[in-house]
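Read the structure below first, then the notes.
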Amino acid sequence: MFGLIGHSTSLAEADVATVRLGFPEYSGHGLDFWCGAPPLLADKVRVTSPTGNVIEGQYIDSCFLPEMLTNNRGKTAVRKVLNAMAQAQKCGLSITALGGFSSIVFENFNLSRMRQVRNVSLEFEKFTTGNTHTAYIICRQVEEMAERLNIELSKATVAVCGATGDIGSAVCRWMTSHADVEDLLLIARQRDRLETLQGELGRGKVVDLEEALPQADFIVWVASMPQGVQIDPKVLKKPCVIVDGGYPKNMSTQINHPDIYVLNGGIVEHTIGIESQIMQIIGMAEPARQIFACFAESMLLEFEKWHTNFSWNRNEITVEKMEKIGAASIKHGFLPLLPHTAA
Ligand code: NDP
């Protein structure tokens with residue numbers, strides 16, 4: 001059995017989600033309540049592969065909220081992630097994805113030092129960040145949109161916001177050695193880390209967001225921001241493809257322009273369908289078929305019986321591993337989400 005550890009994107013969303021999930025007692029409280037709440041075994045999940053294999057899993061809401069990071073509740077965030085992992089292990093789950101901020105909290109607070117959670121000794125090999133599959137799907141979203149819009153990637157400029165992150169650096173590696181884009185713009189706050197990445201890639205320009213936006217044919221947003229940023233669509237190139245892989249979304253702007261294509265990044269569609277109610281509660285457009293690519297990674301590892309932490313640590317995702325999980329993704333019926341209206 002596989003596992004998915006997730007969380008709501010805000011306190012307001014958590015209030016609505018818990019009622020829909022059948023836990024009304026969790027709704028209508030403030031952040032303090034959520035800080036004290038134990039993880040919720042919130043939903044069962046069932047997936048059928050085109051190969052005929054059927055797997056089952058468990059969705060666990062860690063009761064973490066991004067507001068915990070902006071309100072100096074770092075220790076609470078740590079507790080949320082560790083308790084959810086211990087819960088997954090107690091349920092006997094073979095492989096569990098750490099969705100959204102779970103893996104970011106794990107890394108940023110160095111939780112590999114904290115293996116013992118009460119009477120549970122965490123076995124990290126039973127967990128995956130899901131970031132290899134997420135990075136692969138984002139790259140495929142860029143490549144498929146390029147094909148639809150007749151944009152040659154070898155003549156295109158791709159900007160990656162969050163370039164030094166786990167997903168962002170993997171996207172950069174793919175865009176350099178696999179897609180061979182003309183220009184790669186690297187954006188994040190810490191310049192030294194950007195320069196290290198630039199050195200590793202042997203290419204790419206370190207630029208500010210304001211400088212990057214007017215130049216980019218494709219913008220990949222994978223920054224770990226608790227809240228989205230506003231951007232002015234007037235400054236963007238036309239056409240321009242924006243792949244927003246952030247959770248919560250990196251962009252808070254709604255864009256309605258025929259030549260600007262905004263994609264829900266790092267999302268897959270399953271050809272047969274996924275039996276669970278969680279994606280409906282999260283507000284996925286087609287909840288019976290769509291799911292986060294990181295969650296799908298734990299499904300792929302379960303289908304293939306690769307019960308190992310396929311994506312682990314930071315900035316170690318190789319193009320070869322992306323190709324490997326990509327092949328499993330295709331085999332088991334997952335497709336990158338693309339807009340139904342594009343060209
Ligand atoms: P990391 O923490 O590894 O990397 C985050 C990156 O964002 C770093 O480059 C960081 O660099 C940069 N960053 C953070 N804040 C800002 C800011 N304000 N402006 C510009 N850059 C910023 O995160 P991950 O790669 O693990 O995850 C990235 C995003 O993807 C998150 O939103 C996460 O929730 C989402 N995600 C989506 C999944 C899906 O299935 N769709 C799966 C997993 C994650 P610096 O600190 O120098 O600014």
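Atoms within a ligand are numbered from 1 in the order they appear, just like the ligands themselves.
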When rounded to the nearest 0.5 angstrom, what distance separates CE in Met175 from OG1 in Thr157?
12.5 Å
Ligand 1 atoms in contact with Thr164 (distance to a heavy atom under 4.0 Å)
8 (C), 9 (O), 11 (O)
Quick check against the 3.5 Å criterion: does Asn315 have a side-chain atom that pairs as donor or acceptor with the backbone of Thr164?
yes
To check your reading of the model: name the closest protein heavy atom to atom 12 (C) of ligand 1, its residue, and the distance in Å.
Gly162 CA, 3.8 Å
Does a donor on one side chain sit under 3.5 Å from an acceptor on the other, for Gln290 and His270?
no
Using only atom types and a distance under 3.5 Å, with no angle test, would you say the side chain of Asp15 pairs donor to acceptor with the backbone of Ser27?
no
Within reach of ligand 1, part of Thr134 (heavy-atom separation under 4.0 Å):
side chain
What I want to know is whether Ser103 and ligand 1 share at least one N or O pair that is separated by under 3.5 angstrom.
no
Any donor-acceptor pair under 3.5 Å linking the side chain of Arg115 with the backbone of Leu122?
yes
For this output row, return yes or no: ring centroids of Phe292 and Tyr247 closer than 6.0 angstrom.
yes
Checking a contact table here: which protein heavy atom is nearest atom 41 (N) of ligand 1, and how many Å away?
Gly266 O, 3.1 Å
Taking only non-hydrogen atoms of Ala293 and a 4.0 Å limit, the atoms of ligand 1 in range are 40 (O)
Measuring from the heavy atoms of Ala296, does anything fall under 4.0 Å of ligand 1?
no
With nothing but distance in play, are any N or O atoms of Arg193 less than 3.5 Å from an N or O of ligand 1?
no
What protein heavy atom sits nearest atom 33 (C) of ligand 1, and how far off is it?
Ile104 CD1, 3.8 Å
Going by distance alone, is a donor N or O of one side chain under 3.5 Å from an acceptor N or O of the other, for His7 and Ser102?
no
Just checking Phe124 against Phe127, ring centres under 6.0 Å apart?
no
Counting both backbone and side chain atoms, is some N or O of Asn250 under 3.5 Å from an N or O of ligand 1?
no
Among all protein heavy atoms in this structure, tell me which lies nearest to atom 5 (C) of ligand 1, with the distance rounded to 0.1 Å.
Ser224 OG, 3.2 Å
Are any of the side-chain nitrogens in Lys321 or Glu316 under 4.0 Å away from the carboxylate oxygens of its partner?
no
Heavy atom of the protein closest to atom 3 (O) of ligand 1 (residue, atom name, distance)
Asp166 N, 2.9 Å
Would you tell me whether Glu297 and Ser311 have side-chain atoms, one donor and one acceptor, within less than 3.5 Å of each other?
yes
Considering only protein heavy atoms, which is closest to atom 4 (O) of ligand 1, and at what distance to one decimal place?
Gly165 CA, 3.0 Å
Taking C-beta and beyond as the side chain, do Leu184 and Cys172 meet within less than 4.5 Å on heavy atoms?
yes
Subset of ligand 1 atoms that lie under 4.0 Å from at least one heavy atom of Ile167
25 (O), 27 (O), 30 (O), 36 (N), 43 (C), 44 (C)
Pair His307, Glu125: side-chain N/O donor-acceptor within cut-off below 3.5 Å
no
Ignoring hydrogens and geometry beyond distance, is a side-chain donor-acceptor pair present between Trp312 and Glu107 at under 3.5 Å?
no
Can you find an N/O atom of Pro248 closer than 3.5 Å to an N/O atom of ligand 1?
no
Judging by distance only, is a nitrogen or oxygen of Ala223 under 3.5 angstrom from one on ligand 1?
yes
Report the part of Asn131 (side chain from C-beta onward, or backbone N, CA, C, O) that has a heavy atom under 4.0 Å from ligand 1; answer both or neither where that applies.
side chain
Ligand 1 contacted by Gly245 (non-hydrogen, < 4.0 Å):
yes
Write out the residue and atom name of the closest protein heavy atom to atom 34 (O) of ligand 1, then the distance separating them to 0.1 Å.
Tyr247 O, 2.8 Å
Show the atoms of ligand 1 that are less than 4.0 angstrom away from any heavy atom in Gln190.
45 (P), 46 (O), 47 (O)
Under a 4.5 Å side-chain heavy-atom rule over Ile, Leu, Val, Met, Phe, Trp and Tyr, are Leu98 and Ile282 clustered together?
yes
Numbering as shown, the atoms of ligand 1 that approach Met225 to under 4.0 Å (heavy-atom distance):
15 (N), 16 (C), 17 (C), 18 (N)
So for ligand 1, is Arg314 a polar contact partner (N or O within less than 3.5 Å, distance only)?
yes
Looking only at protein heavy atoms, what sits closest to atom 16 (C) of ligand 1 is Arg189 NE, 3.5 Å
Which of the numbered atoms in ligand 1 are below 4.0 angstrom from a heavy atom of Val222?
6 (C), 7 (O), 28 (C), 29 (C)
Considering only heavy atoms of Gly246, which atoms of ligand 1 have at least one such atom less than 4.0 Å away?
32 (O)
So do the side chains of Val81 and Leu111 get within less than 4.5 Å of each other, counting heavy atoms only?
yes
By number and element, which atoms of ligand 1 are closer than 4.0 Å to a non-hydrogen atom of Cys294?
40 (O), 42 (C)
